[in-house]
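Chain A is the first sequence line, chain B the second, and so forth, proteins listed ahead of strands; every chain is numbered from 1.
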2 protein chains.
Amino acid sequence: MDRFVSQFTNRLDAKGRVSIPASFRAVLARDGFEGLFVHPSLDAPAVECGGNALLREIDQLLALHAPYSEERSSFSMALFGASEILKIDSDGRVVLSESIKEFAGITSEVSFVGQGEKFQIWEPGRFHAHFEEARNRVRDLRKQLNSLYAGPGGPRSQGARE
Amino acid sequence: MDRFVSQFTNRLDAKGRVSIPASFRAVLARDGFEGLFVHPSLDAPAVECGGNALLREIDQLLALHAPYSEERSSFSMALFGASEILKIDSDGRVVLSESIKEFAGITSEVSFVGQGEKFQIWEPGRFHAHFEEARNRVRDLRKQLNSLYAGPGGPRSQGARE
DNA sequence: TATTTTCCCATGATATCCCATGATTTCCCG
DNA sequence: CGGGAAATCATGGGATATCATGGGAAAATA
């Protein structure tokens, strides 16, 4: 498999180390990146993690803006300046920096959440809250979709709209 | 890794020396440039630092303007004229010149900020302010981008509604 | 000669390496 | 199908290496 899927929660040890889930390590190994590339999420108290695939994503985001433009340097500052490359030790563990832990509110446990090309790390409590919220949102969106859809015969005239 | 990433703050010692973060030194070593090429930023109270990769970037910027044009010589003057090559001692430290320290407002501590191809040095207080601003800006820009995107079918006309 | 610059070594704190352990899980062979 | 051996995995801890920083002395500069 070459995607990050599922979620795991591991403990931080006394030295601040935490094991990356084995299945995630397998994806990283295939990706070929040395270490773990991480940066704080722009829209949640979580940290985005990955390898070359994530780096490519950032490059694409940067490429949207002209070189030397103010937007470009803002992105560069906010993304590269806030990123880190964590070393993965021989047992598959990383040490989370203080700034990462503070940003995500992590103290003793870490949740790893697969996101396909990348994964996120969360403080477990915050993650569960966020997860429930996402679930509810999806439910609502599906309801809206269903009410728009009217089957193979094409949209029905009447109740199709809100 | 061959990019400057993350941020570090180190102290100037009594002799005006400051350690370049080890991970940045590793990138510089790979780049192959002897010493550290620096020049004041064109739009912030910061100093741009790097090696051959940074020089290449400057060449590209100059190439945007016609040879012997006034703009070109202005850029060339502003960039190369104000640039320096700092020596890196055997412990990975540099001595910042007076003009650099004055330009950036540096007194006792220096923040090193990764920007991919290059890195910047800042007075820590100024940097934090600038960083927060960049982050907010990026958040706003991203919101604008997201509202333009409407899925594989292309942008929806108008009433896409919340 | 006086002052600054460069080289080299010392040190404490932190990060990294390497091995151990117990709990599952997977595998294999009867 | 079933049960025991082997492999995998998260976690823990001691030993070692790396890093930022400080300072002395040689070398260069004025």
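Atom CG of L12(A) is separated from atom P of dA15(C) by 13 Å (rounded to the nearest Å). One interatomic measurement links the two molecules: CZ of F112(B) to P of dC19(D), which rounds to 15 Å at whole-angstrom precision. Atom-to-atom, CZ of F24(B) to P of dC19(D) comes out at 14 Å; the value is rounded to the nearest Å. The CD1 atom of I85(A) sits 17 Å away from the C1' atom of dA15(C) (whole-angstrom rounding). Between the CG atom of D13(A) and the P atom of dT21(C) there is a distance of 18 Å, given to the nearest Å.
In this structure, the side chains of V95(B) and D89(B) stay at 4.5 Å or more apart for every pair of heavy atoms.
Comparing dA20(D), dT21(D), dA10(D) by their closest approach to the side chain of A22(B) singles out dA20(D).
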Mind listing the side-chain donor-acceptor pairs of residues 130-140 of chain A below 3.5 Å, one per line with the distance, residues two or more places apart or on another chain?
{"from": "N136(A)", "atom 1": "OD1", "to": "R139(A)", "atom 2": "NH2", "distance (Å)": "2.8"}
{"from": "N136(A)", "atom 1": "ND2", "to": "E132(A)", "atom 2": "O", "distance (Å)": "3.4"}

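With rounding to the nearest 0.5 Å, the separation of CZ in F112(A) from SG in C49(A) is 7.5 Å.
Using the six-membered ring where Trp is involved, F24(A) and F4(A) have ring planes that are perpendicular, over 60° apart on the 30 and 60° scheme.
Residue R11(A) is the one, among R11(A) and I20(B), whose nearest nucleotide of DNA chain D lies closer to the 5' end (criterion: closest heavy atom).
Between F75(A) and H65(A), the ring centre distance stays below 6.0 Å.
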What string of B, S and - do you get for nucleotides 4-10 of chain C, 5' to 3', if B is base contact, S is sugar-phosphate-only contact and - is no contact with any protein heavy atom under 4.0 Å? --BBBB-
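Using modelled atom types, one finds no donor on one side chain facing an acceptor on the other under 3.5 Å when comparing T107(A) with E123(A).
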